[in-house]
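Quick caveat, the model's predicted, so the values are computed rather than measured.
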Amino acid sequence: MANDVAILGLGTMGSGMAANLLKAGFPLVVYNRSAVKAQALVDAGARLASTPAEAARNASVVISMLADDAASRGVWTGQNGALETVNDDTILIESSTVSPAWIAELATLASLHGAELLDAPITGSRMQAETGQLSFLVGGNTAALEIAAPVLRSMSKEIIHLGPVGSGAKMKLINNFLCGVQVASLAEGLVWIERSGLDPEKALSILKAGAPGSPLLGAISARMTTHNYSVNFLLKLMTKDLLYAEKEAAQCKVDLKTAEVARGLFEAAVAKGFGGEDMASVIEPLRDNK
Ligand code: NAP
């Protein structure tokens with residue numbers, strides 16, 4: 001059996017995850033569309049593959065950490081895609097936040113090569129990726145998860161097995177639906193505070209200590225009040241998560257009206273040029289809107 005671990009995608013999350021795989025001593029092969037982002041990892045001992053197929057060729061575990069369904073589809077199934085070189089010894093792990101519909105399709109494609117797919121999206125952000133404190137929400141076969149667990153453990157504080165393949169993707173969208181709506185409503189609430197004549201610091205400390213308080217409210221309000229939009233979670237990714245959540249909930253005949261409204265605020269921020277900033281910058285168009 002091959003021993004490499006391959007990671008496809010070295011963005012905000014993938015680069016931190018890759019660094020922890022290296023630290024744990026796994027022979028690591030990395031692929032990123034923009035190869036320049038791999039340099040620090042190569043300097044630290046990773047091998048750079050020029051295509052996803054090359055990355056997966058000798059890997060027992062292949063992890064994908066990409067933007068969305070389209071990026072994942074391209075990297076797994078495109079020309080020189082990773083599926084070209086996987087076999088019945090390979091475990092595929094899709095950790096990107098993607099739609100359960102794409103996970104179902106990818107699982108079928110993997111099975112044509114005899115390979116098992118685990119969907120293992122994560123909670124946690126840049127800091128948790130860098131410090132190996134992510135939580136994996138896993139769907140898929142128990143035996144495959146047992147084999148992959150040491151790899152996942154090196155990047156995480158917990159691995160939660162939710163059921164058959166697709167379960168992790170569903171849970172992740174429910175999680176991010178609640179996050180997206182909260183960030184959007186916090187943006188509105190904070191602009192209201194700023195215009196109300198209340199002391200913003202006092203108002204926020206009441207909210208943080210009270211019933212609306214949450215880890216997200218604490219972290220995001222700090223970024224909004226200091227206008228610090230260095231990226232932990234790209235704003236444009238939240239429009240994608242809310243859209244996938246709306247589509248998935250509709251499968252269960254649930255109409256996510258609050259997600260639709262929140263997505264409107266994030267899309268307005270993308271239109272104003274904040275798509276490449278942290279999602280906390282969703283507040284900026286609201287501040288301008290007088
Ligand atoms: P990111 O920094 O934007 O990185 C995106 C990655 O996808 C990069 O490697 C990028 O390659 C690649 N990519 C994008 N489009 C591509 C395409 N068409 N073909 C090939 N590669 C493509 O995103 P991230 O924050 O690491 O997030 C990765 C995934 O995890 C997303 O699904 C996100 O929703 C999810 N997530 C993020 C967080 C967070 O806090 N950031 C937390 C949990 C889950 P290039 O470098 O070449 O652009």
Side-chain angles (χ1 to χ4, degrees), residues 12-13 16 97 121-137 155-160 162 168 170-242 244-246 249 254 256-270 272 274-290:
T12 306
M13 302 302 284
T97 304
I122 55 180
T123 63
S125 195
R126 175 197 285 273
M127 193 180 69
Q128 289 76 18
E130 286 173 358
T131 56
Q133 292 294 302
L134 297 168
S135 297
F136 283 100
L137 308 176
M155 300 178 276
S156 64
K157 64 173 182 188
E158 61 183 342
I159 302 167
I160 305 165
L162 288 148
K170 288 178 189 169
M171 186 64 231
K172 175 64 182 167
L173 292 182
I174 295 167
N175 184 80
N176 278 29
F177 155 53
L178 294 178
C179 291
V181 168
Q182 194 184 12
V183 172
S185 62
L186 174 62
E188 291 183 326
L190 189 52
V191 173
W192 183 10
I193 289 169
E194 287 168 354
R195 292 184 193 170
S196 68
L198 289 167
D199 174 347
E201 211 175 300
K202 262 190 200 158
L204 276 172
S205 69
I206 290 166
L207 295 178
K208 282 186 224 165
S214 72
L216 191 67
L217 187 140
I220 300 289
S221 64
R223 286 180 220 151
M224 288 175 173
T225 50
T226 57
H227 302 247
N228 173 4
Y229 304 130
S230 60
V231 177
N232 285 274
F233 189 107
L234 272 174
L235 187 143
K236 68 180 174 192
L237 292 178
M238 187 49 90
T239 64
K240 174 255 314 183
D241 290 1
L242 289 170
Y244 291 172
E246 287 165 55
V254 180
L256 294 189
K257 291 196 169 59
T258 53
E260 199 181 331
V261 172
R263 181 163 56 85
L265 298 191
F266 286 104
E267 283 171 353
V270 171
K272 294 273 182 188
F274 291 100
E277 307 280 341
D278 189 76
M279 66 174 161
S281 64
V282 69
I283 193 172
E284 287 303 330
L286 302 177
R287 280 184 171 132
D288 289 345
N289 195 0
K290 289 186 180 143

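Annotation: the span from T12 atom OG1 to R126 atom CZ amounts to 5.0 Å, rounded to 0.5 Å. Atom-to-atom distance recorded for K272:NZ and N289:CG is 8.0 Å, nearest 0.5 angstrom. Interatomic distance, OG of S125 versus CG of D278, reported as 7.5 Å (0.5 Å rounding). Expressed to the nearest 0.5 Å, how far CG of D241 lies from CZ of F266 amounts to 9.5 Å. Atom-to-atom distance recorded for L237:CG and T239:OG1 is 7.5 Å, nearest 0.5 angstrom. Distance CD/E188 to CG/L286: 6.0 Å, rounded to 0.5 Å.
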Set out, in order, the CA-CA distance, both residues' side-chain angles and the distance that settles side chain to side chain contact (heavy atoms under 4.5 Å, CB included) for L216 and L186, then state yes or no.
CA-CA 10 Å; L216 191 67; L186 174 62; over 6 Å; no
Check the pair T97, L173 against side chain to side chain contact (heavy atoms under 4.5 Å, CB included), reporting the backbone distance first and the verdict last.
CA-CA 8 Å; T97 304; L173 292 182; 3.9 Å; yes
Decide side chain to side chain contact (heavy atoms under 4.5 Å, CB included) for E284 and H227; before the verdict, give the C-alpha distance in whole Å, the side-chain angles of both, and the deciding distance to 0.1 Å.
CA-CA 9 Å; E284 287 303 330; H227 302 247; 3.2 Å; yes
Can you check side chain to side chain contact (heavy atoms under 4.5 Å, CB included) on I160 and M171, steps first, answer last?
CA-CA 11 Å; I160 305 165; M171 186 64 231; over 6 Å; no
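The closest donor-acceptor contact from the side chain of K172 to the backbone of I122 lies under 3.5 Å.
Closest non-hydrogen pair, G124 versus M13, comes out as O-CE, 3.6 Å. In terms of heavy-atom proximity, G168 sits nearest to P121 at O-CG, 3.3 Å. Contact detail for G275 and L234: the closest heavy-atom pair is O-CD2, 3.8 Å. For F233 against M238, the heavy-atom pair with the smallest separation is CE2-N, 3.6 Å. Shown here for P200 and I193, the closest heavy-atom pair between the two residues is CA-CG2, 3.7 Å. What you find for A187 and V282 is that their closest heavy atoms are CB-CG1, 3.9 Å.
Ion pairing of E260 with K257 is absent here, as no side-chain N (NZ or NE/NH1/NH2) approaches a carboxylate O to less than 4.0 Å.
When the options I220, N228, T226 are evaluated for a side-chain contact (heavy atoms from CB on, under 4.5 Å) with M224, the one that passes is I220.
Counting heavy atoms of neighbouring residues, nucleotides and ligands inside a 6.0 Å radius, atom NZ of K208 exceeds 12 of them.
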